[in-house]
**Student:** 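Below you will find the structure I want to go over with you.
Chain letters run A, B, ... following the sequence lines, proteins first and then strands; every chain starts at 1. Note that this is a predicted model, so its numbers are computed, not measured.
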2 protein chains.
Amino acid sequence: MEISEKNQSFVYHFGEMGSKWGFNRTVGQMYALLVITDKPITANDLATTLNISRGNVSMGIKELQSWKLVQVTHVPGDRKEYYNAIGSVMDMANIVFEERRKREVDPTLSLLRNLLLDTPETDSEIYAQQRMKDIHDLLEMITNWAAELQKLTPEQLNTLMKLGTGVTKILSVKQALFSKKQTE
Amino acid sequence: MEISEKNQSFVYHFGEMGSKWGFNRTVGQMYALLVITDKPITANDLATTLNISRGNVSMGIKELQSWKLVQVTHVPGDRKEYYNAIGSVMDMANIVFEERRKREVDPTLSLLRNLLLDTPETDSEIYAQQRMKDIHDLLEMITNWAAELQKLTPEQLNTLMKLGTGVTKILSVKQALFSKKQTE
DNA sequence: ATAAAGTTTCAATAATTTCTGAAAGTTTAA
DNA sequence: TTAAACTTTCAGAAATTATTGAAACTTTAT
């Protein structure tokens with residue numbers, strides 16, 4: 001499978017960034033290639049195009065499937081499996097956020113919840129527990145809010161994002177509503 | 001320096017998670033210990049408490065300083081350097097977000113901006129560029145929005161977060177206000 | 001000046017993660 | 001059934017990343 005120079009650099013960049021985003025170089029490259037290619041691609045094609053072993057592709061696909069980022073399709077009369085990236089870019093972002101939350105935040109939240117059950121004794125224990133509570137509360141707030149955002153329709157989300165500095169205005173609207181209710 | 005069992009498990013957990021959050025195990029442990037400890041700690045104390053080499057501590061501190069997460073302080077009459085975690089948990093979160101944006105998002109945005117300058121020729125180039133544009137636009141939106149959020153005061157942020165699904169209601173109010181303005 | 005008390009650097013080593021490729025496994029068609 | 005066409009697995013090799021510890025460096029006090 002031929003690949004243009006521009007696509008090449010996109011794919012390689014995703015390979016490099018991939019590791020920062022939670023998967024390894026070749027998984028990043030595979031995903032990038034699947035995203036920018038219209039048609040589904042066979043495992044062999046991925047291997048030869050990216051110059052990686054067939055076994056590596058197999059494992060990478062498994063990983064991408066566990067992230068629910070890639071799908072298998074079949075071409076009638078062809079026994080090979082074809083792969084393609086699932087959904088819109090927004091869908092991808094949601095999946096990546098959620099997956100990373102599960103891997104990076106949830107375990108910490110659960111540990112912190114446990115540690116916070118005990119009553120601290122000494123001064124230093126009190127201090128430590130307070131810091132843990134701060135972290136716990138912040139992580140919980142972020143988690144909850146992310147869940148809220150994911151519930152919004154793309155249009156609502158778009159409106160919200162486009163508000164920009166308008167966020168402050170929303171808040172004042174909220175204030176206004178609130179104080180109106182108070183007085184009526 | 002003695003460390004309680006609970007603190008121990010917090011510190012080790014941060015070590016494990018550290019790598020998911022962008023720094024290595026020992027840097028994660030060092031930071032965790034600094035966060036939950038009231039008093040500043042010497043490099044030697046970090047090394048012995050965490051059972052890691054003095055050299056490793058030196059490099060870790062350097063890393064944490066580059067993240068602007070720790071600070072050196074001095075104790076009068078003592079030549080050793082003491083280290084402590086900077087700021088509130090909210091400050092930390094802001095710093096980590098910003099630092100990760102710089103490392104994980106900015107390079108991609110800049111590459112995508114470049115790739116989008118060229119005009120695509122073939123059908124497959126058009127498709128590929130459209131996907132790149134989708135990703136670019138999303139990353140830019142997220143980046144801008146994150147910057148907006150960082151501008152809010154802790155109180156405003158808190159109000160916004162607590163709104164939860166209420167955001168949708170506020171949005172519709174905003175819509176109403178907006179169309180009212182349109183007609184008046 | 002110099003030595004004591006500290007910190008940093010970095011080459012060598014250890015630990016971890018990724019990748020390969022051959023062998024084992026699966027599915028389909030005849 | 002059997003064999004062809006494909007996929008998966010996994011032990012070992014390669015690549016990468018983290019860690020040590022001894023030597024070099026810096027600062028301060030005398």
Side-chain angles (χ1 to χ4, degrees), chain A residues 1 11-34 40-67 70-84 103-104, chain B residues 1 11-34 40-67 70-84 103-104:
Chain A
M1 183 181 149
V11 165
Y12 282 166
H13 178 86
F14 251 63
E16 299 314 316
M17 298 312 272
S19 55
K20 316 217 170 203
W21 282 91
F23 29 76
N24 69 34
R25 182 153 42 96
T26 45
V27 170
Q29 292 179 356
M30 288 171 50
Y31 186 56
L33 186 55
L34 289 170
I41 309 177
T42 64
N44 278 326
D45 240 3
L46 285 171
T48 55
T49 307
L50 300 174
N51 246 293
I52 59 182
S53 76
R54 187 59 187 71
N56 200 356
V57 169
S58 181
M59 291 189 302
I61 288 289
K62 214 167 112 189
E63 166 97 6
L64 287 171
Q65 284 175 328
S66 86
W67 283 73
V70 159
Q71 209 176 29
V72 190
T73 50
H74 285 278
V75 170
D78 188 340
R79 279 171 57 186
K80 290 190 284 298
E81 307 204 311
Y82 287 75
Y83 302 98
N84 67 283
R103 297 174 187 206
E104 301 179 11
Chain B
M1 184 180 148
V11 164
Y12 283 166
H13 178 86
F14 251 64
E16 300 313 316
M17 298 311 273
S19 55
K20 316 217 169 203
W21 281 90
F23 30 77
N24 69 34
R25 181 151 45 97
T26 45
V27 170
Q29 292 178 356
M30 288 170 50
Y31 187 56
L33 186 55
L34 288 170
I41 308 177
T42 63
N44 278 325
D45 239 4
L46 284 172
T48 54
T49 308
L50 300 175
N51 246 293
I52 58 183
S53 76
R54 188 59 188 70
N56 200 356
V57 169
S58 181
M59 291 189 301
I61 288 289
K62 216 168 109 189
E63 166 98 5
L64 286 171
Q65 284 176 327
S66 85
W67 283 72
V70 304
Q71 211 176 27
V72 191
T73 50
H74 285 277
V75 170
D78 188 339
R79 278 171 58 185
K80 289 190 285 299
E81 307 204 312
Y82 287 75
Y83 303 97
N84 66 283
R103 297 174 187 206
E104 300 179 10

**Student:** Give the rounded distance in Å between these two atoms: NE2 of A:His74 and C1' of D:dC6.
**Tutor:**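 Computing the A:His74:NE2 to D:dC6:C1' distance gives 11 Å.
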**Student:** D:dC6, D:dT19, D:dC10: which one has an atom nearest the side-chain heavy atoms of A:Met59?
**Tutor:**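 It is D:dC10.
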**Student:** Output the rounded distance in Å from CE (B:Met30) to C1' (D:dA18).
**Tutor:**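 Taking atom C1' of D:dA18 as the reference, CE of B:Met30 is at 13 Å.
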**Student:** Determine the minimum heavy-atom distance between B:Ser66 and B:Arg103, stating which atoms define it.
**Tutor:**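 Looking at all heavy atoms of both residues, the shortest contact is OG-NH2, 3.9 Å.
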**Student:** Find the distance B:Asn56:CG to D:dT20:P and express it as a whole number of Å.
**Tutor:**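 The distance from CG of B:Asn56 to P of D:dT20 comes to 5 Å, rounded to the nearest Å.
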**Student:** In whole angstroms, how far is the P atom of D:dT7 from the CD1 atom of A:Ile52?
**Tutor:**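 These atoms are roughly 14 Å apart.
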**Student:** Once you round it to whole Å, what is the distance between P of D:dA18 and NZ of B:Lys62?
**Tutor:**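 These atoms are roughly 14 Å apart.
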**Student:** According to a strict under-4.0 Å criterion, is B:Thr26 in side-chain N/O contact with OP1 or OP2 of D:dA18?
**Tutor:**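 No, B:Thr26 has no side-chain N/O under 4.0 Å of OP1/OP2 on D:dA18.
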**Student:** Where each residue is assigned the nucleotide of DNA chain D containing its nearest heavy atom, which of B:Gly55 and A:Ala43 is assigned the position nearer the 5′ end?
**Tutor:**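 Looking at DNA chain D, the more 5' nearest nucleotide goes with A:Ala43.
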**Student:** Name the first nucleotide and the last nucleotide along DNA chain C (5' to 3') that come under 4.0 Å of a heavy atom in chain B.
**Tutor:**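 Here the contact window of chain B covers C:dA4 to C:dC10.
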**Student:** Report the nucleotide, chosen from D:dT16, D:dT7, D:dA18, that has the shortest atom-to-atom distance to any side-chain atom of B:Asn24.
**Tutor:**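 Ranking D:dT16, D:dT7, D:dA18 by closest atom to the B:Asn24 side chain puts D:dA18 first.
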**Student:** Would you give the length of the straight line joining atom CG of B:Leu46 to atom OH of B:Tyr83, rounded to the nearest 0.5 angstrom?
**Tutor:**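 One finds 8.5 Å between CG of B:Leu46 and OH of B:Tyr83.
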**Student:** Taking CD1 from A:Ile61 and C1' from D:dC6, how many angstroms apart are they, rounded to a whole number?
**Tutor:**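 My rounded result for the distance is 14 Å.
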**Student:** Could you state the interatomic distance from CD (B:Gln29) to CG (B:Asn24), rounded to the nearest 0.5 Å?
**Tutor:**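 B:Gln29 atom CD to B:Asn24 atom CG measures 9.0 Å (nearest 0.5 Å).
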**Student:** What integer distance in Å separates B:Leu50:CG from D:dA18:P?
**Tutor:**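 About 17 Å, once rounded to whole Å.
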**Student:** Atom CG of B:Leu50 and atom CG of B:Leu33: how far apart are they, to the nearest 0.5 Å?
**Tutor:**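 One gets 5.5 Å once the value is rounded to the nearest 0.5 Å.
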**Student:** Out of curiosity, B:His74 NE2 to B:Glu81 CD, how far, rounded to the nearest 0.5 Å?
**Tutor:**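 The distance works out to 4.5 Å.
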**Student:** Do B:Ile52 and B:Met30 pass the side chain to side chain contact (heavy atoms under 4.5 Å, CB included) test, and can you show the C-alpha distance, the side-chain angles, and the key distance before you say yes or no?
**Tutor:** CA-CA 10 Å; B:Ile52 58 183; B:Met30 288 170 50; 4.3 Å; yes
**Student:** Of A:Arg79 and A:Arg25, whose closest DNA chain C nucleotide lies nearer the 5' terminus?
**Tutor:**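 Residue closer to the 5' terminus by nearest nucleotide: A:Arg25.
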**Student:** Taking the six-membered ring for Trp and the single ring otherwise, decide whether the centroids of A:Trp67 and A:Tyr31 are under 6.0 Å apart.
**Tutor:**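 Aromatic pair excluded; centres sit 6.0 Å or further apart.
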**Student:** How many Å lie between NZ on B:Lys80 and C1' on D:dT26, as a whole number?
**Tutor:**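 Atom NZ in B:Lys80 sits about 17 Å away from atom C1' in D:dT26.
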**Student:** Where the side chain of A:Arg54 is concerned, which of D:dT16, D:dT20, D:dT7 is the nearest nucleotide?
**Tutor:**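 My answer, after comparing the listed nucleotides, is D:dT7.
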